[in-house]
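Written below as structure tokens is the structure these notes are about.
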Amino acid sequence: MTTLSAPADTRRRRAKPSGGVTNLWTATPLTKIVIAVTLIVSAFPLYWMLVIASRTNREATDIPPPFLPGGNLGANIQRVLSNPDAHYMAGLTNSVLIACTVTLSVVLISTFAGFAFARLRFRGGRVLLLLVLVTMMVPLQQMGIVPLYRLMVSLEWVGTLKAVILPYLLNGFGVFLMTQYTEQAVPNELVEAARVDGASTLRIWWNVILPAVRPGMAVLGINTFMLTWNDFLWPLIVLTPDNPTVQVAINSLNAKYGTDYVLIFSGTAMSILPLIVVFVVFGRQIIGGLMEGAVKA
């Protein structure tokens, strides 16, 4: 009697894989609920801002308050742009220029310094890195604002964008972050192999370091851009009312004898658009950098 057997490909399909993990983690219903609640709580302030920005002041102060957008968003934005005290468009332009310049400088200098501290051996390197860490412990906004302002007065930079840009072209956190990231992302053997091939230090930084630390640069860039964009105290002190940043311009939207909530919320809604654009453009790099750091940790 002949026993029929299934074809070989059918047996292979029925066989369970012996190696590899096809599903590392499955979200439980409780996890999905927590994620959904977190998303709603995080997004609600933005939604509420748009609701108030599209209403009138009378509707914004109603009890109970409105929970659906109105039809006055365009008119309120026009009021913001035509406000003679705020100089909103000048503030928006200044903030874009300041944030982009500071972010580019911080990312490039921090990447250079991170490469030097992580993969180059030179006398006093650890001491210099320790000094960089010490600067992170000094609150510049609180302790350094008076001498910094006196320095700007001596240089006759008060009222110019240089006074806002120059003090923030480098920060210790960026150097420390890129040093740690370079140590994890770039093996020392890779740098030594490039040297054996005859590559110069600058060539190694450009062809070896930059491609490897790009996610870290994206994370540092978005953090620097946000901090610079949202800075309020120093631009308020050192710039003139007719040449503000966007945060100072929003503060100037307040009415003289009351608070115009609709005007402030409309200006704030317009001010977050560049941040949204930056997140959309660099989102994959940011998430990739955070996840890569988490896996390596």
Side-chain angles (χ1 to χ4, degrees), residues 87-117 131-153 155-182 205 209-210 213-240 243-251 268 270-283 285-286 289:
H87 303 282
Y88 190 86
M89 285 306 300
L92 195 62
T93 304
N94 289 340
S95 288
V96 171
L97 179 61
I98 293 170
C100 290
T101 304
V102 170
T103 300
L104 183 62
S105 172
V106 168
V107 171
L108 287 180
I109 295 177
S110 298
T111 307
F112 267 121
F115 169 47
F117 285 129
L131 292 177
V132 170
L133 297 179
V134 170
T135 62
M136 296 172 56
M137 305 175 188
V138 179
L140 180 62
Q141 287 280 11
Q142 288 76 20
M143 297 185 61
I145 196 166
V146 173
L148 189 58
Y149 181 77
R150 295 185 63 181
L151 177 62
M152 295 301 124
V153 172
L155 296 174
E156 298 182 352
W157 285 0
V158 174
T160 65
L161 297 184
K162 293 182 293 185
V164 182
I165 294 175
L166 226 64
Y168 299 99
L169 290 180
L170 173 65
N171 63 62
F173 171 75
V175 174
F176 173 73
L177 175 66
M178 294 312 299
T179 300
Q180 297 300 112
Y181 197 93
T182 303
W205 177 81
I209 302 299
L210 282 187
V213 302
R214 193 176 302 164
M217 294 171 64
V219 173
L220 176 61
I222 186 59
N223 285 331
T224 304
F225 190 92
M226 285 193 304
L227 290 175
T228 307
W229 184 268
N230 293 324
D231 191 16
F232 173 74
L233 180 60
W234 180 243
L236 177 65
I237 293 173
V238 80
L239 294 180
T240 57
N243 188 37
T245 59
V246 68
Q247 306 301 332
V248 179
I250 292 173
N251 181 66
T268 305
M270 294 173 60
S271 72
I272 67 173
L273 291 179
L275 295 178
I276 294 176
V277 171
V278 171
F279 269 108
V280 170
V281 173
F282 297 102
Q285 289 287 345
I286 295 169

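Take F112 and apply the ring pair (Phe, Tyr, Trp, His ring centres under 6.0 Å) test, not counting sequence neighbours, and it matches W205. With sequence neighbours left out, the side-chain contact (heavy atoms from CB on, under 4.5 Å) criterion links F176 to L133, M136, Q180.
Side-chain contact between L220 and Y181: absent, with no pair of heavy atoms (C-beta onward) separated by less than 4.5 Å. Considering only heavy atoms from C-beta on, L166 stays 4.5 Å or farther from M152 through its side chain. Annotation: side chain of L275 is in contact with side chain of M226 (closest heavy-atom distance under 4.5 Å). Contact of the F115 side chain with the M178 side chain is not registered, since no non-hydrogen atoms from C-beta on lie closer than 4.5 Å. With contacts defined as side-chain heavy-atom distances shorter than 4.5 Å, the pair T224/F173 does not qualify. Residues I237 and L233 are in side-chain contact: their nearest non-hydrogen atoms beyond the backbone lie under 4.5 Å apart. The closest side-chain heavy-atom distance from Y88 to I250 is below 4.5 Å. Looking at L239 and V164, their side chains come closer than 4.5 Å, going by heavy atoms from C-beta outward.
Considering CD of E156 and NZ of K162, their distance stands at 9.5 Å, rounded to 0.5 Å. One distance of note links CG of L161 with OG1 of T245; it measures 9.5 Å at 0.5 Å rounding. In this structure, CZ in F279 is found 4.5 Å from CD1 in I222, a value given to the nearest 0.5 Å. A distance of 11.5 Å separates CG in L170 from CG in L108, rounded to the nearest 0.5 Å. With rounding to the nearest 0.5 Å, the separation of OG1 in T182 from CG in L177 is 9.0 Å.
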### Task
May I have the step-by-step check of side chain to side chain contact (heavy atoms under 4.5 Å, CB included) for T111 and V213, ending in yes or no?
CA-CA 8 Å; T111 307; V213 302; 4.1 Å; yes

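Of the possible polar contacts, one joining the T179 side chain to the V175 backbone as a donor-acceptor pair under 3.5 Å is found. Here the side chain of T135 pairs no donor or acceptor atom with the backbone of G172 at under 3.5 angstrom. Here the side chain of W157 pairs no donor or acceptor atom with the backbone of L151 at under 3.5 angstrom.
When all heavy atoms of Q247 and D231 are compared, the pair lying nearest together is CG-O, 3.7 Å. Heavy atoms only, all atoms of each residue included: A163 and V238 are closest at CB-CG2, 3.5 Å. Nearest approach of I109 to L169, heavy atoms of both residues: CD1-O, 3.9 Å. A pairwise comparison of heavy atoms in A99 and T228 identifies CA-CG2, 3.7 Å as the closest pair. Closest non-hydrogen pair, V246 versus S271, comes out as CG2-CB, 3.8 Å. What you find for P244 and N94 is that their closest heavy atoms are O-ND2, 2.8 Å.
Screening L148, V102, I145 for a side chain to side chain contact (heavy atoms under 4.5 Å, CB included) with P167, the sole residue that qualifies is L148.
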